[in-house]
Amino acid sequence: MVEHPLSDILVNSDLIRGNLLAVYHLGLPKQIMSEALPRVTALANRPVSAPSVPQLAAVIPIGSIVLGAILFRTYTYEVAPFTWEVVRHFSIFFMACELVVVWLALRTGLNVRETWRKLAISDRAALALWFLTFWIGSALSEQPGYSLIVAISWPIHLLFGLAIWHHTGRASLTIEQINRFLGRGLALALVVMLALTAVHFANAPAPASLPGGQVFWQGAIPGFLSVRLFGVVVAYAALFGAGMLMVDDGPGRSKFAVALLLLGFGALCWSSTRAAVPAFFTALLILPLITKCHSSPRVWLTIAITILAAFLLSTFLPAPSNDYGAFSVFGSDAAAAGDVTAGRIDMWRATLGAIAERPLIGHGEGSMRWLLDQNTGIHVQPHNILLQLFLHWGAVAACAALWLTGRMLLTMVVAAQRCHALLPYAMVVVAAAIAALFDGALYYPQMVMLPVAALAFVLGRSASPSLPPQARSTPAH
């Protein structure tokens with residue numbers, strides 16, 4: 001069988017359709033399907049108990065990251081077989097996990113129509129405008145098959161966020177209890193991810209046995225297309241740990257928070273992810289001021305010592321290539337590009353020119369692949385969320401989405417001011433927004449899932465689905 005390079009995914013709609021069908025028939029004998037189908041049907045019809053909803057809604061997105069590290073491992077540009085690479089590239093697995101959360105919400109009483117009716121008129125208008133226009137550029141792109149498959153992820157994210165909003169709004173647990181549950185889960189997930197990465201790197205084959213005669217270390221992190229995306233995710237974990245220290249520093253409660261901060265920030269430094277560093281420190285230092293969360297000097301000293309210890313620890317970790325290492329933030333690819341932005345300025349300038357060619361409806365998802373001259377590799381997004389929205393969706397859908405996002409962020413800040421226990425989630429959202437100004441932190445479904453869940457959790461603690469609502473929360477610490 002002839003293997004197709006990854007670039008063929010981007011330009012061959014027939015190949016996409018053929019491999020999606022192949023995924024459906026991925027070696028599962030009919031006998032297994034006939035035996036499994038009744039069990040799946042019975043499971044789907046089984047009632048879901050309300051007390052388990054917060055735990056399930058939290059475990060699924062976090063667990064999907066860990067499962068992704070187990071399922072998608074490679075030392076080259078692709079995983080094998082090629083159909084599995086299609087699943088990885090389009091984040092089909094992660095979208096399926098989001099849909100499971102949506103199914104749980106529908107099973108426990110989520111009424112999409114009723115939620116729509118309760119939205120403010122301006123929000124309904126903006127949401128309708130976005131939904132009617134965001135896909136037009138993809139449908140009219142040079143490669144509509146590819147673009148439309150990627151575009152499908154955005155309505156799924158929207159439903160996923162609505163499902164998390166529903167779950168958290170119905171939760172009987174306090175925010176502090178949920179924070180502790182998530183802190184333990186994130187710490188465990190991070191330990192497993194780092195262990196899988198260590199084992200994967202330790203068992204790397206001889207470069208001569210691989211295509212091209214070398215290991216593609218930048219994409220060798222299990223479960224991630226790039227080590228930079230890994231760096232953004234571990235930054236979220238570190239911020240959640242720091243946020244927990246700020247709002248719930250009780251006896252015996254800080255050990256998981258310190259572990260999250262230590263491992264997360266250490267992994268961030270080791271990954272040499274430039275975009276995540278300013279995102280981390282901006283969310284860490286600015287958001288507590290905005291939300292008036294005044295922690296004690298002891299808490300800040302603990303955070304500072306943990307960050308320093310994490311950085312020092314990362315300097316002793318082996319770096320398999322120049323793409324890794326705490327001291328490589330301004331090295332390798334940045335130097336080769338002639339500036340610390342690693343060629344982003346030129347990329348953004350070219351993206352602005354492409355936006356001007358079709359300003360209202362955009363060029364469709366992933367259109368950078370065929371619009372811009374790629375001298376340094378394949379890029380499917382411009383490494384800037386604002387340019388990404390206008391390039392892919394056009395001004396109409398982008399402005400509608402930015403209106404809704406601004407309203408939700410305002411609600412988030414107000415809610416975190418009234419209930420400081422929500423600060424860890426707000427810090428993750430702010431970090432995602434800042435990192436997305438310099439990298440593809442909000443492009444792949446795997447990366448969008450976690451900040452959407454964090455934002456939806458905060459909104460789920462609000463009294464009304466209208467944006468912005470009055471926050472329903474416990475008194476601030």
Are the side chains of His89 and Val86 in contact, using a 4.5 Å heavy-atom criterion? no

Ala275 backbone acceptor or donor facing Thr273 side chain under 3.5 Å: no

Heavy-atom nearest pair, Ile178 first then Arg461, reads CD1-NH2, 3.2 Å

Residue pairs, two or more places apart or on separate chains, that pass side chain to side chain donor-acceptor pair (under 3.5 Å) and touch residues 260-270: none

side-chain contact (heavy atoms from CB on, under 4.5 Å) between Val448 and Ser153: does it pass, once the steps are laid out? CA-CA 10 Å; Val448 177; Ser153 67; over 6 Å; no

Aromatic contact, Phe72 with Phe224 (centres under 6.0 Å): no

Return the CE to NZ distance between Met244 and Lys255, rounded to the nearest 0.5 Å. 11.5 Å

Contacts of type side chain to side chain donor-acceptor pair (under 3.5 Å), residue Glu98, not counting sequence neighbours: His157

Residues in side-chain contact (heavy atoms from CB on, under 4.5 Å) contact with Ala401, at least two apart in sequence or another chain: Trp130, Trp393

What closest approach, in Å, do Ser138 and Ala151 show between heavy atoms, and which atom pair accounts for it? OG-CB, 4.0 Å

Answer with yes or no whether the side chains of His166 and Thr108 bring together a donor and an acceptor at under 3.5 Å. yes

I need the Leu308 CG to Thr306 OG1 distance, nearest 0.5 Å. 9.5 Å

Closer than 3.5 angstrom, by distance alone: can the side chain of His167 be matched with the main-chain N or O of Val101 as a donor-acceptor pair? yes

Inter-residue atom distance Met246.CE - Thr302.OG1, 0.5 Å rounding: 11.0 Å

Within the 4.5 Å heavy-atom criterion, are Glu85 and Val79 side-chain neighbours or not? yes

Would you say the side chain of Leu422 lies within less than 4.5 Å of the side chain of Val247, judging by non-hydrogen atoms? no

Test salt bridge (charged side-chain N to carboxylate O under 4.0 Å, His left out) applied to Arg117 - qualifying residues, sequence neighbours left out: Glu114

With side-chain contact (heavy atoms from CB on, under 4.5 Å) as the test, would you mind laying out the steps for Trp84 and Leu71 before giving the verdict? CA-CA 9 Å; Trp84 204 231; Leu71 296 174; 4.0 Å; yes

Mind checking whether Phe160 and Met95 have side chains closer than 4.5 Å, heavy atoms only? no

Give the intermediate values and the outcome of side-chain contact (heavy atoms from CB on, under 4.5 Å) for residues Thr168 and Val458. CA-CA 8 Å; Thr168 56; Val458 177; over 6 Å; no

Identify the heavy atoms of Gly231 and Ser271 that sit nearest to each other, and give their distance. CA-OG, 3.4 Å

How many angstroms lie between CZ in Phe265 and OG in Ser314, if you round to the nearest 0.5 Å? 7.5 Å

Please lay out, stage by stage, how Phe256 and Arg180 fare under the test side-chain contact (heavy atoms from CB on, under 4.5 Å). CA-CA 8 Å; Phe256 290 103; Arg180 293 165 202 155; over 6 Å; no

Just wondering, more than 12 heavy atoms not from Leu301 lying within 6.0 Å of its CG? yes

Please list, chain by chain and in numerical order, all residues satisfying side chain to side chain donor-acceptor pair (under 3.5 Å) with Ser295, sequence neighbours excluded. none

For Ser367, give me all partners under side-chain contact (heavy atoms from CB on, under 4.5 Å), at least two apart in sequence or on another chain. His363, Trp370, Leu371, Leu391, His392

Kindly write out the residues that satisfy ring-ring contact (aromatic ring centres under 6.0 Å, His included) with Phe94, not counting sequence neighbours, or none if the list is empty. none

Heavy-atom pair with the smallest gap, counting every atom of Ala163 and Val102: CB-CA, 3.7 Å

Any side-chain heavy-atom pair from Trp135 and Ile152 closer than 4.5 angstrom? no

Results of side chain to side chain donor-acceptor pair (under 3.5 Å) for Trp154 - residues two or more places apart only: Glu365

Using the test side-chain contact (heavy atoms from CB on, under 4.5 Å), find all partners of Ala69 that sit at least two apart in sequence or belong to another chain. Leu196, Pro222

Least distance between heavy atoms, Val413 atom then Thr291 atom: O-CG2, 4.2 Å

Treating Gln417 as the side-chain partner and Met412 as the backbone partner, does any N or O pair qualify as donor plus acceptor under 3.5 Å? no

Considering residues at least two apart in sequence or located in another chain, which fulfil the ring-ring contact (aromatic ring centres under 6.0 Å, His included) criterion with Phe311? Phe327

Verify whether one side chain among Ser141 and Ser147 offers a donor that lies under 3.5 Å from an acceptor in the other. yes

Reported CG-to-CG distance for the pair Leu132 and Leu127, which is rounded to 0.5 angstrom: 9.5 Å

Is any side-chain heavy atom of Val59 less than 4.5 Å from a side-chain heavy atom of Phe181? yes

All pairs passing side chain to side chain donor-acceptor pair (under 3.5 Å) where residues 434-444 contributes a residue, at least two apart: none

Is the shortest heavy-atom distance from the side chain of Ile303 to the side chain of Ile307 under 4.5 Å? yes

Find out whether Tyr425 and Leu455 are in side-chain contact, i.e. whether some heavy atom of one side chain is under 4.5 Å from a heavy atom of the other. no

CH2 of Trp217: more than 12 outside heavy atoms within 6.0 angstrom? yes

Of all heavy-atom pairs linking Pro61 and Met449, the shortest is O-CE, 3.8 Å

Would the distance check show the side chain of Arg344 and the main-chain N or O of Phe438 forming a donor-acceptor pair, the cut-off being under 3.5 Å? yes

Listed partners of Ala431 passing side-chain contact (heavy atoms from CB on, under 4.5 Å), at least two apart: Tyr236, Leu239, Ala279, Ala283

At what distance, to the nearest 0.5 angstrom, does CD1 of Ile164 lie from CZ of Phe457? 9.5 Å

